[in-house]
2 protein chains.
Amino acid sequence: MTKYAKKIREIIEASRDHKTAEQIFEALKKTYPTVVRATVYNNLNKLWDAGMIRKISSEGLPDRYDRLERHDHLMCRKCGRLIDVDLGDLTQQLQQRLRVPILSYDLKLMYICEACRKKEQEEGREES
Amino acid sequence: MTKYAKKIREIIEASRDHKTAEQIFEALKKTYPTVVRATVYNNLNKLWDAGMIRKISSEGLPDRYDRLERHDHLMCRKCGRLIDVDLGDLTQQLQQRLRVPILSYDLKLMYICEACRKKEQEEGREES
DNA sequence: ATCTAAATTTAGAATTATTCTAAAAAGAGG
DNA sequence: CCTCTTTTTAGAATAATTCTAAATTTAGAT
């Protein structure tokens with residue numbers, strides 16, 4: 001594992017805010033100011049292929065990266081805001097009903113966040 | 001609802017193969033040969049905002065669209081191949097453990113498909 | 001019908017995240 | 001200190017999607 005891969009992994013493991021490649025690039029520059037974007041993408045892909053980090057893809061927004069530690073996500077349907085939640089490990093329950101062995105699962109719960117709910121209400125008022 | 005939105009919705013509801021915007025564009029051209037891509041994107045976004053279709057975002061691959069009917073997905077971690085599975089409605093079980101009301105949830109089970117498993121084995125042999 | 005306003009479509013440019021390419025640099029092992 | 005492999009770099013290229021502004025269609029009111 002190269003110094004870049006290692007540091008990128010550390011950044012992701014330490015974070016709770018679902019960083020984008022760009023944000024990881026910015027964070028990495030604090031330690032290695034001359035690093036380029038391609039290095040970040042190369043390593044993110046390598047780490048993901050190796051199953052060492054999570055990747056969260058969402059509608060419209062750039063991919064975000066996350067630590068492995070078991071948890072699920074609450075995602076705002078409007079703005080993409082992500083919040084960590086833990087709904088327990090469903091692996092057993094799910095695997096029982098499938099023939100193929102599953103490596104992992106992603107559970108994304110859609111909701112409308114506070115900010116977007118307010119915005120909706122205001123728009124509703126205006127239109128009336 | 002315009003004729004385009006209506007037809008796009010029909011295409012998606014009738015499909016079981018998780019079409020991309022491009023594939024929907026191609027399918028739509030059979031009925032409306034002069035339609036342009038932007039119209040497809042406009043309508044897909046509108047239908048999705050209205051909660052009338054599902055959107056499946058995955059790592060690297062373009063977004064795919066899906067009918068609403070309750071089901072989950074088995075996704076190959078290597079190539080993105082999608083298979084429909086039904087693991088039952090977990091809404092109750094999940095909602096119980098959350099304070100905010102959830103609109104829906106996406107459950108994506110990661111596995112390695114047959115084709116990718118074979119490819120892995122062959123690569124393993126070569127390297128040895 | 002006819003007018004007006006709002007919504008939709010069109011064409012094509014623009015954006016943006018990400019990947020690719022080829023050359024340079026860094027590492028690893030003998 | 002060579003040789004081979006891997007990684008990084010710089011910058012061009014790609015590809016999906018969004019944006020813009022003008023043209024067209026639609027819907028409601030007159």
Side-chain angles (χ1 to χ4, degrees), chain A residues 1-12 18-50 52-66 77-80 82 123-124 126-128, chain B residues 1-12 18-50 52-66 77-80 82 123-124 126-128:
Chain A
M1 204 148 54
T2 68
K3 61 182 179 179
Y4 295 115
K6 208 163 164 187
K7 187 71 195 170
I8 287 172
R9 201 182 172 215
E10 281 169 22
I11 291 168
I12 293 170
H18 319 102
K19 291 191 198 301
T20 61
E22 189 63 26
Q23 291 171 322
I24 291 163
F25 174 55
E26 290 306 326
L28 189 60
K29 277 203 285 195
K30 286 180 187 154
T31 311
Y32 302 110
T34 62
V35 73
V36 300
R37 262 187 202 78
T39 299
V40 174
Y41 281 104
N42 283 345
N43 282 297
L44 285 172
N45 286 337
K46 238 167 258 171
L47 288 168
W48 188 72
D49 287 346
M52 295 173 83
I53 56 175
R54 286 209 235 186
K55 193 192 277 202
I56 310 168
S57 58
S58 36
E59 300 74 24
L61 302 163
D63 286 348
R64 285 169 280 184
Y65 295 87
D66 204 356
R77 196 176 204 295
K78 294 272 174 197
C79 68
L82 269 183
E123 277 161 22
E126 281 163 36
E127 282 162 33
S128 68
Chain B
M1 202 144 60
T2 68
K3 60 183 178 178
Y4 294 116
K6 208 163 164 186
K7 188 71 194 169
I8 287 172
R9 202 185 170 211
E10 280 169 24
I11 291 169
I12 293 170
H18 318 102
K19 292 193 196 302
T20 61
E22 189 63 27
Q23 291 171 322
I24 291 162
F25 174 56
E26 290 305 326
L28 189 61
K29 277 202 285 195
K30 285 180 188 154
T31 310
Y32 302 109
T34 61
V35 74
V36 299
R37 263 187 201 78
T39 299
V40 174
Y41 280 104
N42 283 345
N43 282 297
L44 285 172
N45 286 337
K46 238 168 259 173
L47 288 167
W48 188 72
D49 287 345
M52 295 174 82
I53 55 175
R54 287 209 235 186
K55 193 191 276 201
I56 310 167
S57 58
S58 36
E59 299 72 26
L61 302 164
D63 286 348
R64 285 169 279 185
Y65 295 87
D66 203 357
R77 195 178 203 294
K78 294 269 173 199
C79 68
L82 269 184
E123 276 160 23
E126 281 164 35
E127 281 163 33
S128 69

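Letters A, B, ... mirror the listed sequences (proteins, then strands); counts begin at 1.
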Heavy-atom closest pair, residues B:Ile24 and B:Ile11 |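 Minimum heavy-atom contact is O-CD1, 4.4 Å.
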Between [atom2] on [N] and [atom1] on [X], what's the gap in Å once rounded to a whole number?
{"X": "B:Lys19", "N": "D:dA16", "atom1": "NZ", "atom2": "P", "answer": "16 Å"}
{"X": "B:Arg37", "N": "C:dA14", "atom1": "CZ", "atom2": "C1'", "answer": "16 Å"}
{"X": "A:Leu47", "N": "D:dT7", "atom1": "CG", "atom2": "C1'", "answer": "13 Å"}
{"X": "B:Phe25", "N": "D:dA16", "atom1": "CZ", "atom2": "P", "answer": "13 Å"}
{"X": "A:Met1", "N": "C:dA26", "atom1": "CE", "atom2": "C1'", "answer": "17 Å"}
{"X": "A:Lys6", "N": "C:dG27", "atom1": "NZ", "atom2": "C1'", "answer": "14 Å"}
{"X": "B:Lys55", "N": "D:dT17", "atom1": "NZ", "atom2": "P", "answer": "8 Å"}
{"X": "A:Lys29", "N": "D:dT8", "atom1": "NZ", "atom2": "C1'", "answer": "16 Å"}

Would you say a side-chain N or O of [X] is under 4.0 Å from OP1 or OP2 of [N]?
{"X": "B:Tyr4", "N": "D:dT24", "value": "no"}
{"X": "A:Lys46", "N": "D:dT7", "value": "yes"}
{"X": "A:Tyr41", "N": "C:dT19", "value": "no"}
{"X": "B:Thr2", "N": "C:dT8", "value": "no"}
{"X": "B:Asn43", "N": "C:dT9", "value": "yes"}

Can you identify which nucleotide, out of [options], has its nearest atom closest to the [X] side chain?
{"X": "A:Asp63", "options": "C:dA11, C:dT18, D:dT17", "value": "C:dT18"}
{"X": "B:Asn42", "options": "D:dT8, C:dT9, C:dT18", "value": "C:dT9"}
{"X": "B:Ala38", "options": "C:dA11, C:dT18, D:dA10", "value": "C:dA11"}

Answer yes or no: is there a side-chain heavy-atom contact under 4.5 Å between [X] and [Y]?
{"X": "B:Glu10", "Y": "B:Lys7", "value": "yes"}
{"X": "A:Leu61", "Y": "A:Thr20", "value": "no"}
{"X": "A:Arg37", "Y": "A:Glu22", "value": "yes"}

Which part of the nucleic acid, if any, lies within reach of B:Ala21 when heavy atoms closer than 4.0 Å are counted: base, sugar-phosphate only, or nothing?
-> sugar-phosphate
Have a look at B:Lys3 and say if it touches a base, only the backbone sugar-phosphate, or nothing, with a 4.0 Å heavy-atom cut-off.
->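 Counting heavy atoms under 4.0 Å across all strands, no contact is made by B:Lys3.
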By nearest nucleotide on DNA chain C, pick out whichever of B:Val35 and B:Gly60 is the more 5' one.
-> B:Val35
For B:Lys6, does the NZ atom sit with more than 12 other heavy atoms under 6.0 Å from it, leaving out its own atoms?
->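 No - once you tally the heavy atoms of other residues, nucleotides and ligands closer than 6.0 Å, there are 12 at most.
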